[in-house]
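Read the structure below first, then the notes.
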Amino acid sequence: MRQRKHERNRKRQRGQYMTPLPLARRIVEQLDLPARGSVLEPSCGDGSFLIALADRLVPTTPTEPSPSDLQLSGLELDPSLASSARGRLADWRASHRTELNVNVYEGDFFRSYLRGSISTGSYQPLSLSPGTFDLVLGNPPFGGTFDASLEDTLDRTLGRRFGRKIKKETYAFFIVACVDLLRPGGQLAFVCSNTLLTIPTMTGLRNLLMSEGDVLLTDLDAFSSETAYPMLVLHFTKGEHRGRVRRNSTVVPGRAVRSTRNLSWGVTPDLEKLFRGACLGDRFVASSGMTTGKNVFFVREIDEHRRIREPYRFEFVDEPITVQYERDRARLGRLAPRREAELRRAEACGARQRRLHVVERREPLIVNLPDDRYLPYNKANGRLVFSEPTHCIYWADEGDAVLTFKRTGNWYLRGVGGLPYFKREGITWQLVGSRFVARYLPAGYILDSGAPCAFPRDGVERSELFFVLGWLLSDLAAKVLKTAINHTMNIQSKDFERMPYPWWVSEAKRAEVTARVAEMITQSRSGKQWSWSDPEIRENSKCFEWSGTLRPGDVARTEYRRSPVNAELFTSSS
């Protein structure tokens with residue numbers, strides 16, 4: 001059992017999810033194979049796509065290409081899988097008694113791509129220069145890790161195209177590199193994650209593919225038992241019909257794609273009109289909050305009596321600065337030359353640094369809230385509209401203990417995301433969900449990275465908090481989010497900013513939503529818990545239905561006007 005678990009973990013680390021042979025055959029059957037030329041499977045695994053190609057190439061008519069007319073090349077990082085692929089191909093040759101022009105190379109695709117070729121065993125070197133292949137196909141690794149020694153070079157080489165950032169993800173970089181390797185008119189056919197469709201971090205990859213050629217996406221009902229990730233087949237033709245995108249043979253209008261700031265391939269014509277005006281990011285700024293490094297040290301759950309148990313005390317000490325201390329905490333264990341030189345000088349002169357020691361108490365200290373040393377902490381929860389804080393964070397002396405721990409900890413702790421927005425009034429939502437599980441965030445909170453937040457920009461009326469919260473809780477907002485903005489379960493801060501601002505809602509409806517949401521918050525503070533089926537939320541949702549009575553330019557006359565509701569409803573609370 002331990003060996004099987006180790007094998008599963010190793011496969012996840014490499015992003016290995018083997019393609020079943022029936023699926024590989026189905027994909028290959030849909031391809032318009034070239035009569036001759038070069039074909040590459042850059043992560044061939046145990047050879048399913050190569051076998052499927054070989055099956056397809058057995059001639060049934062005199063005009064079809066024979067297996068020897070095309071040079072098939074597979075490349076595989078895992079030696080055992082490369083050996084398995086060679087064995088399957090040898091068995092195919094024996095059973096078909098047909099010559100097959102195929103080589104399976106063992107090696108790292110990315111390293112070979114950067115070098116421009118690969119050579120292993122008795123095979124002739126395989127060129128991996130731009131414009132080499134007529135067809136590239138397969139199932140690139142999804143969610144795998146990069147060779148640490150290549151990671152930065154790959155990011156510089158593949159991480160930006162047509163002025164946009166390409167996410168540093170294995171399947172994304174595979175696609176970019178393989179587009180480079182295609183000849184004009186060449187085809188790419190990849191099984192890949194359907195995160196390609198909408199998520200903001202894949203905007204640069206979508207832009208590259210639309211800029212370079214024709215895109216056809218086919219959703220897969222099922223992939224294999226190895227993973228539950230939704231998958232699709234990306235079929236791309238380089239240099240043809242640039243900008244055209246089809247999904248399951250239905251055209252995704254280019255105008256609709258360009259109307260969304262994330263160049264969404266999920267957008268539909270009926271939603272495109274909502275993006276003709278402003279987006280929420282024009283009025284709000286979203287933030288992902290802070291990682292403490294160890295919540296157990298600083299974050300406490302609040303019990304029903306408004307008390308917490310404090311198991312630690314915090315002591316500050318001055319300790320010597322050393323190169324080794326910083327190297328142990330640096331990314332990949334490496335320091336920049338200038339930084340290492342600074343540290344060596346500091347170490348040589350005996351410089352010291354203020355650090356935090358966390359000491360466990362013999363008995364936890366019971367603290368009654370409110371207490372000046374603790375502030376509410378914005379941990380995610382499933383409440384709608386409003387929630388009293390469920391956790392607090394030790395924040396004595398403006399968070400000195402937490403911030404000192406971060407400054408002297410591992411490299412990924414040093415930054416403090418969202419710090420300018422700490423204690424500000426805003427909107428927050430649950431990171432994981434099928435729609436915005438949104439609620440009002442009073443002033444005074446410290447922000448957690450697991451609960452994204454959004455805050456009005458300077459000059460935006462405070463009433464917009466309540467109007468936009470109402471929008472997030474509507475059915476139409478849920479449809480826009482999961483169709484065009486981000487169809488996955490992780491709703492990031494930038495997803496909020498890319499949502500359309502509801503400019504089509506009349507002034508009367510705006511006032512209705514604002515007053516209703518403010519009243520719902522008041523009821524929440526008295527113990528009311530809301531559900532999606534409550535009449536108030538259903539009535540709120542109706543206010544955002546498309547009416548078509550406003551034009552995008554009309555919003556300029558209404559966007560910052562305070563709605564005529566009782567001012568007491570807008571009193572901030574900590």
Side-chain angles (χ1 to χ4, degrees), residues 11 14-34 36-58 64-93 95-96 98 100-109 112-113 118 123 126 128 132-142 144 170-171 174-175 177-179 181-182 186-193 216-218 220 222-224 226-227 229 231-237:
K11 286 166 68 68
R14 290 185 171 182
Q16 293 175 332
Y17 299 98
M18 297 300 106
T19 308
L21 183 56
L23 175 59
R25 283 177 172 146
R26 202 160 75 237
I27 292 170
V28 168
E29 280 298 318
Q30 303 301 314
L31 296 176
D32 182 16
L33 293 183
R36 57 185 55 82
S38 298
V39 179
L40 174 67
E41 213 292 60
S43 55
C44 70
D46 59 3
S48 289
F49 276 99
L50 296 173
I51 294 294
L53 276 168
D55 287 343
R56 171 80 188 276
L57 288 172
V58 175
E64 288 187 351
S66 73
S68 59
D69 289 335
L70 283 174
Q71 171 62 55
L72 309 183
S73 300
L75 179 56
E76 174 52 45
L77 175 66
D78 189 320
S80 63
L81 288 175
S83 177
S84 177
R86 292 188 187 107
R88 294 177 76 186
L89 289 164
D91 292 343
W92 187 94
R93 284 190 185 96
S95 63
H96 287 78
T98 302
L100 186 62
N101 193 1
V102 60
N103 294 326
V104 175
Y105 296 81
E106 184 183 314
D108 185 323
F109 169 72
S112 304
Y113 168 83
I118 183 171
Y123 305 138
L126 174 68
L128 293 176
T132 301
F133 295 96
D134 300 277
L135 171 64
V136 179
L137 81 169
N139 174 10
F142 171 64
T170 47
Y171 91 81
F174 255 82
I175 291 173
C178 289
V179 168
L181 296 179
L182 287 176
Q187 300 174 77
L188 179 145
F190 270 172
V191 177
C192 58
S193 163
L216 173 62
L217 309 160
T218 305
L220 291 176
F223 174 65
S224 80
E226 285 195 309
T227 177
Y229 284 116
M231 308 292 277
L232 55 76
V233 178
L234 166 66
H235 186 191
F236 168 81
T237 306

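Small disclaimer: the values here were computed from a predicted structure and weren't measured.
- Minimum heavy-atom separation, Pro140 to Ser43: CA-OG, 3.4 Å.
- The CZ atom of Phe190 sits 8.5 Å away from the CG atom of Asn139 when rounded to the nearest 0.5 Å.
- Between Gln71 and Asn103, the shortest heavy-atom distance links the atoms NE2-ND2, 3.8 Å.
- The two residues Thr132 and Ser38 have their closest heavy-atom pair at O-CB, 4.0 Å.
- Shown here are the side chain to side chain contact (heavy atoms under 4.5 Å, CB included) partners of Leu126, two or more places apart in sequence or in another chain: Leu40, Ser73, Tyr105, Ile118, Leu128, Phe133.
- Between Ala82 and Val104, the shortest heavy-atom contact is O-CG1, 4.0 Å.
- Atom-to-atom distance recorded for Leu50:CG and Glu41:CD is 6.0 Å, nearest 0.5 angstrom.
- Side-chain atoms of Leu75 and Cys44, non-hydrogen and from C-beta on, never get closer than 4.5 Å to each other.
- Rounded to the nearest 0.5 angstrom, Thr19 OG1 and Asp46 CG are separated by 8.5 Å.
- Of all heavy-atom pairs between Pro20 and Ser48, the closest is C-OG, 4.4 Å.
- Put simply, the side chain of Val102 does not reach to within 4.5 Å of the side chain of Leu53, judged on heavy atoms.
- The backbone N or O of Pro79 lies less than 3.5 Å from no partner atom in the side chain of Ser83, so there is not a single donor-acceptor pair.
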Which atom pairs, donor and acceptor, lie under 3.5 Å between side-chain atoms of residues 24-33 and protein residues at least two apart or in another chain?
| unit_1 | atom_1 | unit_2 | atom_2 | d |
| --- | --- | --- | --- | --- |
| Arg25 | NE | Asp55 | OD2 | 2.9 |
| Arg25 | NH2 | Asp55 | OD2 | 2.8 |

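- Summarising the geometry, atom CG belonging to Asp134 is positioned 10.5 Å from atom CZ belonging to Arg36; distances are rounded to the nearest 0.5 Å.
- The OG atom of Ser80 sits 9.0 Å away from atom CD of Glu106, with the distance rounded to the nearest 0.5 Å.
- Rounding to the nearest 0.5 Å places CG of Leu135 at 10.0 Å from OG1 of Thr237.
- In terms of the ring-ring contact (aromatic ring centres under 6.0 Å, His included) criterion, Tyr113 has no residue partners (sequence neighbours excluded).
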Would you please test Phe49 and Val191 for side chain to side chain contact (heavy atoms under 4.5 Å, CB included) and show each step? CA-CA 11 Å; Phe49 276 99; Val191 177; 4.1 Å; yes
May I have the step-by-step check of side chain to side chain contact (heavy atoms under 4.5 Å, CB included) for Leu188 and Phe174, ending in yes or no? CA-CA 11 Å; Leu188 179 145; Phe174 255 82; over 6 Å; no
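- Contact check for Leu23 versus Leu220: side-chain heavy atoms found under the 4.5 Å cut-off.
- For the side-chain contact (heavy atoms from CB on, under 4.5 Å) criterion with Phe236, the lone passing option out of Val179, Val136, Leu217, Ile175 is Val179.
- Using cut-offs of 30° and 60° for the angle between ring planes, the Phe142 and Tyr171 rings count as tilted.
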